[in-house]
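Reviewing the structure listed below.
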Amino acid sequence: TKNLGDKIEIRIRDNGNGIPQEIRDKVFNPFFTTKPTGQGTGLGLSISYDIIVQEHQGEIKFESAAGSFTEFVIRLPKAA
């Protein structure tokens, strides 16, 4: 976590395979999943996006390197 003055930043990083370039534009889309049919709804990141961006006026993005990591960056405004 990091204090950015008027915002709080939360970073969550893994050491997995990364997100392939060809699907990066889709990860926050409702019902998008890389899991086989019947093994996932593809709603997790879409719902997270809606809560962070629409309900809290924050932002969520990610940085990823193939074969190395993915890091989600969440920034939320501080309450006045």
Interatomic spacing from CD1 in Ile8 to CD1 in Ile74 - rounded to 0.5 Å: 12.5 Å

Glu55 and Asp50, any side-chain heavy atoms less than 4.5 Å apart: no

Closest non-hydrogen atom pair between Arg24 and Phe62, with its separation: O-CZ, 3.6 Å

Common cluster, Val53/Leu76, ILVMFWY with side-chain heavy-atom separation under 4.5 Å: yes

Candidate pair Leu45 and Phe32, rule side chain to side chain contact (heavy atoms under 4.5 Å, CB included), full reasoning: CA-CA 9 Å; Leu45 286 174; Phe32 176 76; over 6 Å; no

Over all atoms of both residues, closest heavy-atom pair of Ile60 and Tyr49: CG2-CD1, 3.5 Å

Atom pair CD (Glu63) and CZ (Phe72), whose distance is rounded to the nearest 0.5 Å: 11.0 Å

Linked, directly or transitively: Ile19 and Ile12 (ILVMFWY side chains, under 4.5 Å): yes

Whether over 12 other heavy atoms sit under 6.0 Å from Asp14 CG: yes

Distance (rounded to the nearest 0.5 Å) between Gln54 CD and Ile47 CD1: 11.5 Å

For the student: nearest non-hydrogen atoms of Pro77 and Gly58, plus distance: CD-CA, 3.9 Å

More than 12 heavy atoms from other groups under 6.0 Å of CG on Asn15: no

Worked check of side chain to side chain contact (heavy atoms under 4.5 Å, CB included) between Arg75 and Lys61: CA-CA 9 Å; Arg75 291 189 182 116; Lys61 62 179 185 171; 3.8 Å; yes

Check: Lys78 side chain, Gly5 main-chain N or O, donor-acceptor pair, under 3.5 Å: yes

Linked, directly or transitively: Ile10 and Val27 (ILVMFWY side chains, under 4.5 Å): yes

Residue pairs fulfilling side chain to side chain donor-acceptor pair (under 3.5 Å) with at least one residue in residues 64-74, sequence neighbours excluded: Arg11-Glu71, Ser64-Thr70

